Novice: 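My structure is below; once you've seen it, I'll send some questions.
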Amino acid sequence: MTNQPMVAVLNGPDFSERLLAWFDVHGRHDLPWQKPRTAYRVWVSEVMLQQTQVVTVIDYFNRFMARFPKLEDLADAPLDEVLALWSGLGYYARARNLHAAARVMAAQGIPDSLAHWLALPGVGASTAAAILAQAFDTPATILDGNVKRVMARHAGINTPIEQAATIQALYYIAKRHTPSTRLADYTQAIMDLGATVCTRSQANCAGCPVSQDCVALKTDQVAHLPARRARKPIPTRQAVFIHLEDEAGRIMLIRRPPSGIWGGLWCLPEYTPVRADDIEAAPSADCLAPRATVLSKWSFAPQGDAVQVATFEHRFTHYQLTACIERVRVAAHASPQDTPDRRWFHRHDLPEVLPQLGLPRPIARFLADYAASKGG
DNA sequence: AACTCGTGGGC
DNA sequence: TGCCCAAGAGT
């Protein structure tokens with residue numbers, strides 16, 4: 001701290017003073033986790049807020065707190081219930097880590113140091129610093145996406161944000177600006193500034209309390225900072241999904257394995273991708289719904305003796321997963337409505353017909369097992 | 001260091 | 001519509 005270069009202050013209060021004055025008037029003071037601002041509530045909110053916007057989190061947080069008012073409530077609850085309340089929020093490893101950390105804290109107490117917070121699963125540098133500042137009003141330097149953007153613009157850092165050297169530079173700048181008092185308010189203030197004024201696009205520099213010494217504004221680089229490295233093309237992957245449904249429209253649910261995508265959640269089988277990689281790696285079949293456990297009691301008990309197979313396209317964003325959904329409909333009687341993409345088969349014919357369908361091996365294996373297992 | 005892991009919204 | 005990204009962490 002003492003060896004850091006001095007801040008160049010142009011006439012007037014320094015960075016944190018201007019920011020705090022702005023925060024008192026324009027900042028967000030009514031977020032659910034701010035009243036009351038206990039360590040437990042701040043921790044839960046910070047985990048929910050990882051890569052997730054405030055608007056999205058609020059309802060989840062309120063439902064979560066209604067069910068788990070105290071740390072012990074969360075620690076005592078089964079993981080299933082935590083995952084159920086997390087459903088739809090995404091990044092489900094956060095819920096598993098949250099639950100595991102709750103049990104650690106219920107036994108060992110709530111940490112009050114950076115190192116002890118960092119030791120908890122799901123708590124990294126950013127979250128730990130935010131908790132120390134928000135819940136304990138203790139000096140800590142946060143460097144989340146908002147702070148990186150604000151600092152990169154204010155200091156005119158134009159090297160790629162992905163580089164370790166850039167992160168380090170931004171960290172020291174952020175640390176230099178961090179005051180020694182009002183840590184909770186300052187932390188909220190810098191994030192509010194990034195979220196509402198120094199936004200990624202269309203920054204409102206006219207309403208910014210630190211625009212007077214902003215390098216990006218002075219050099220007309222606001223729209224270009226922070227700089228990013230060119231993106232590598234995202235590869236398209238193939239996947240296969242299954243949708244199993246009875247005549248009444250009831251859907252079979254399966255449970256995904258505890259790790260990996262949608263870990264631990266009860267899902268429609270169509271949301272359990274079997275990747276082409278998996279198929280090649282495990283040609284014998286177990287990778288259908290990657291080692292998922294079929295619900296011991298399905299959401300329906302198939303009674304029919306016919307199966308319909310149809311193919312749909314489903315496209316995922318983010319990692320460009322191209323999926324093929326195999327829709328399997330169980331019916332008591334074969335339907336006359338055959339079309340090229342909707343083919344009906346009596347279940348007892350499946351073993352003979354399957355080899356001709358050209359289905360991915362795990363799917364074919366699943367259907368073969370299915371045909372053989374249900375009292376047919 | 002590079003990759004994985006969700007979802008919803010902006011433009 | 002396609003692409004980018006948002007209070008990151010784990011591997």
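Quick caveat: nothing in here was measured; it's all calculated off a predicted structure. Just so we're on the same page: letters track the sequence lines, and every chain starts at 1.
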Novice: For nucleotides B/dC5 and C/dA7, find the distance between their P atoms and express it as a whole number of Å.
Specialist: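 Going atom to atom, P in each nucleotide, I get 23 Å.
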Novice: Which atom names give the shortest non-hydrogen contact between A/Ala133 and A/Thr187, and what distance separates them?
Specialist: CB-OG1, 3.1 Å
Novice: A/Leu89 CG to B/dG9 P: how many Å, rounded?
Specialist: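 Rounding to the nearest Å, CG of A/Leu89 and P of B/dG9 are 13 Å apart.
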Novice: Classify A/Arg228 by what it touches in the nucleic acid, base, sugar-phosphate, or nothing, heavy-atom distance under 4.0 Å.
Specialist: sugar-phosphate
Novice: Distance check, P atoms only: B/dC3 and C/dC4, in whole angstrom units.
Specialist: 15 Å
Novice: Does A/Glu46 reach the main-chain N or O of A/Val123 with its side chain, forming a donor-acceptor pair under 3.5 Å?
Specialist: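 A pair under 3.5 Å: no.
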Novice: Run the side chain to side chain contact (heavy atoms under 4.5 Å, CB included) check on A/Tyr171 and A/Met151 step by step: do they pass?
Specialist: CA-CA 9 Å; A/Tyr171 174 80; A/Met151 296 304 157; over 6 Å; no
Novice: May I ask you to verify if any side-chain N or O of A/Arg149 is less than 4.0 angstrom from the OP1 or OP2 atom of C/dA7?
Specialist: yes
Novice: A/Leu118 or A/Leu31: which one's nearest nucleotide on DNA chain C is closer to the 5' end?
Specialist: A/Leu31
Novice: Mark yes or no for whether A/Arg182, through its side chain, and A/Glu17, through its backbone, hold a donor-acceptor pair below 3.5 Å.
Specialist: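 Judged by distance alone, no pair lies under 3.5 Å.
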Novice: Please give me the minimum heavy-atom distance between A/Pro69 and A/Tyr40, naming the atom from each residue.
Specialist: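 A/Pro69 and A/Tyr40 have their closest heavy atoms at O-CE2, 3.4 Å.
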Novice: Expressed in angstrom and rounded to an integer, what is the separation of A/Ile161 atom CD1 from C/dG8 atom P?
Specialist: 12 Å
Novice: Consider the side chain of A/Asn97, meaning its heavy atoms from C-beta on, and name the nucleotide among B/dG6, C/dA7, C/dG10 that approaches it most closely.
Specialist: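 Per side-chain heavy atoms of A/Asn97, the pick is C/dG10.
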Novice: At their closest point, which heavy atom of A/Trp22 faces which heavy atom of A/Ala189, and how far apart are they?
Specialist: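 A/Trp22 and A/Ala189 have their closest heavy atoms at CZ3-O, 3.7 Å.
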Novice: When the distance from CG of A/Leu120 to P of C/dG8 is rounded to whole Å, what number comes out?
Specialist: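 Roughly 19 Å, once rounded to whole Å.
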Novice: Under 4.0 Å, heavy atom to any atom of DNA chain B: which of residues 184-203 of chain A qualify?
Specialist: A/Ser201
Novice: For A/Trp33, report the nucleic acid contact type (base, sugar-phosphate, nothing); a contact means any heavy atom under 4.0 Å.
Specialist: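 Base contact - A/Trp33 has a heavy atom under 4.0 Å of at least one base atom.
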Novice: CG of A/Leu98 versus C1' of C/dG10: gap in Å, rounded?
Specialist: 15 Å
Novice: Given side chain to side chain donor-acceptor pair (under 3.5 Å), test A/Asn146 with A/Arg149 step by step and report yes or no.
Specialist: CA-CA 5 Å; A/Asn146 284 313; A/Arg149 185 172 56 255; 2.8 Å; yes
Novice: Calculate the interatomic distance between A/Lys148 atom NZ and C/dG8 atom P; express it in whole Å.
Specialist: 8 Å
Novice: Would you indicate, yes or no, if C/dA9 has its OP1 or OP2 atom less than 4.0 angstrom from a side-chain nitrogen or oxygen of A/Thr127?
Specialist: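 For C/dA9, OP1/OP2 do have a side-chain N/O of A/Thr127 under 4.0 Å.
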Novice: How many whole angstroms separate atom OH of A/Tyr91 from atom P of B/dC3?
Specialist: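 Spelled out: OH on A/Tyr91 to P on B/dC3 is 15 Å.
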Novice: Would one find a side-chain N or O of A/Arg229 under 4.0 angstrom from OP1 or OP2 of B/dA2?
Specialist: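 Result: yes.
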Novice: Of all heavy-atom pairs between A/Leu132 and A/Asp112, which one has the smallest distance, and what is that distance?
Specialist: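 That would be CD2-O, 4.0 Å.
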Novice: Can you tell me the distance, in whole Å, between the CG atom of A/Asn146 and the C1' atom of C/dA6?
Specialist: 8 Å
Novice: In whole angstrom, what separates A/Leu83's CG from B/dC5's C1'?
Specialist: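 A/Leu83 atom CG is separated from B/dC5 atom C1' by 14 Å.
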Novice: Looking only at side chains, do A/Thr196 and A/Arg28 share a donor and an acceptor under 3.5 Å apart?
Specialist: no
Novice: Judged by atom type as modelled, is there a donor-acceptor pair below 3.5 Å linking the side chain of A/Glu162 to the main-chain atoms of A/Arg229?
Specialist: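 Confirmed, A/Glu162 side chain pairs with A/Arg229 backbone.
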Novice: Near DNA chain B, counting only heavy atoms under 4.0 Å, which residues of residues 45-66 of chain A show up?
Specialist: A/Gln51, A/Thr52
